[in-house]
Amino acid sequence: MPINVLMPALSPTMEKGNLAKWLKKTGDKVKSGDVLCEIETDKATMEVEAVDEGTLGQILVAEGTQDVPVNTLIAVILEEGESAGDVKAAPVAAKAAPAAAPATAVPAQASAPIPVAAPVVASGAKTFASPLAKRLAKEKSIDIAAVKGSGPRGRVIAADIANPSLKPAAPVAVAASGGAIPTGMTEAQVRATYVAGSFTEVPNDGMRKTIAKRLMECKLTVPHFYLTVDCELDALLKVRADMNAAAPEVDGKPTYKLSVNDFVVKAHAMALQKVPAANASWTDSAILLHKDSDVGVAVSVEGGLFTPVVRQANLKSISQISNDIKDLAGRARKRKLKPDEYQGGSTAVSNLGMFGVKDFAAIINPPHATILAVGAGEERAVVKKGQIVVANVMSVTLSTDHRAVDGALGAELLQAFKGYIEKPMSMFV
């Protein structure tokens, strides 16, 4: 029976992907483990492997096609003795989309289902709409229930939402404020604000759109509060210099070169072990307390941001953490991270000190309950025993999800972090 190859879900939040490149062509023999194509998501480029052997009988989605919904049929593999004429007989059943598949998995047999959109409720009525149409309607603030669908059985498709005659829905009243909040300026309204020709356009790619959506959701749904402390760095800088000087060499190169940020990640990981109630994630039914300190490290890449996760940072040496960060950051900039390398974790560190930023507050990235924003280390005048002296000082700000970590608990976490930074040898005992 012909084997359907579907657009895989490479992460729990993936709704669509771009079919970047076919590595096999129609008529090619394939065996289990062969790479069929490359899929681009908003975060990475992933390879899709075959799970059965046969002949690539038909390619249904051309390379370069963008925004292909998850579970779309993209190709068909023929088993021994089958011909292209058997493709039409391949059954397609309707079923809800499965959970995220591993990056190397290809949804399997021809009896595997391709989902159709389930009815969604809008303005009290049930409306059949494609996932893309629903997303576009949400972005344009259009009541999808009022749209007449031109697809099969009256299904609303993306072309229906693109109709210029459609108007955004009215702002939604918010009882708590006693008034209404606007859904935001439409694209047409933003453009009308500026003189034609006074700007250039940089199209938003998938990463930028996902970042915008996630940050908006995080800021509106997570009750943030912020705590800031100053940490003296002189002892840490001396330990760092000594450790770098003592680094063994291989082929004339040191096996590690530690940065202040490596110490920050280690100190934050150990502070979470010292204050385990803050090593948490919020859910509506329970607070999840994590056993290990899996620390995300914000990495700036062209067009956006990744937060790869250093797993079990509490158990690793600082040199291991340093090398892990270099490896993850390097592959993040090439968009070669696997989903499990940037998903999960219990907290994160965002460091803008290398840009001279003194202090800032970062936005929490759920399911994390905290994120540590790190400013520049700089010489400052401080008072010690009644005397003004010069010390290297770094300001750090902890953003906290108040649902999971209260003020006193957040302060306890920061004090533990400060203790490790100012007495760095305590991280080694």
Only distances under 3.5 Å count here; give the side-chain donor-acceptor pairs of residues 196-204 to other protein atoms, sequence neighbours excluded, each with its distance to 0.1 Å.
{"from": "Ser198", "atom 1": "OG", "to": "Val195", "atom 2": "O", "distance (Å)": "2.6"}
{"from": "Glu201", "atom 1": "OE1", "to": "Arg191", "atom 2": "NH2", "distance (Å)": "3.1"}
{"from": "Glu201", "atom 1": "OE2", "to": "Arg191", "atom 2": "NH1", "distance (Å)": "2.6"}

Between Ser293 and His268, do the side chains contain a donor N or O and an acceptor N or O under 3.5 Å apart?
no
Check the angle between the aromatic planes of Phe225 and His402 and answer parallel, tilted or perpendicular using the 30° and 60° thresholds.
tilted
Checking side chain to side chain donor-acceptor pair (under 3.5 Å) between Asp262 and each of Ser322, Ser319, Ser317, which is the one that passes?
Ser322
Enter the distance from Phe360:CZ to Thr228:OG1 here, rounded to the nearest 0.5 Å.
10.5 Å
Could you tell me the separation between the OG atom of Ser395 and the NZ atom of Lys358, rounded to the nearest 0.5 Å?
6.0 Å
Should we count CD of Glu53 as having more than 12 external heavy atoms under 6.0 Å?
no
Looking at Lys219, I want to see if its NZ is surrounded by more than 12 non-hydrogen atoms of other residues, nucleotides or ligands under 6.0 Å.
yes
The residue among Ile325, Asp324, Asn323 that forms side-chain contact (heavy atoms from CB on, under 4.5 Å) with Ile321 is Ile325
Would one find more than 12 heavy atoms of other residues, nucleotides or ligands at under 6.0 Å from atom CE of Met354?
yes
Cation-pi between Lys274 and Tyr420: NZ/CZ under 6.0 Å from ring centre and within 45° of the ring axis?
yes
With respect to Met7, which candidate in Leu73, Asn71, Val48, Ile39 satisfies the side-chain contact (heavy atoms from CB on, under 4.5 Å) definition?
Ile39
Does one side chain, of Thr347 or Thr370, offer a donor that lies under 3.5 Å from an acceptor on the other?
yes
Heavy-atom closest pair (Trp22 atom, Val61 atom, distance to 0.1 Å) is NE1-O, 2.8 Å
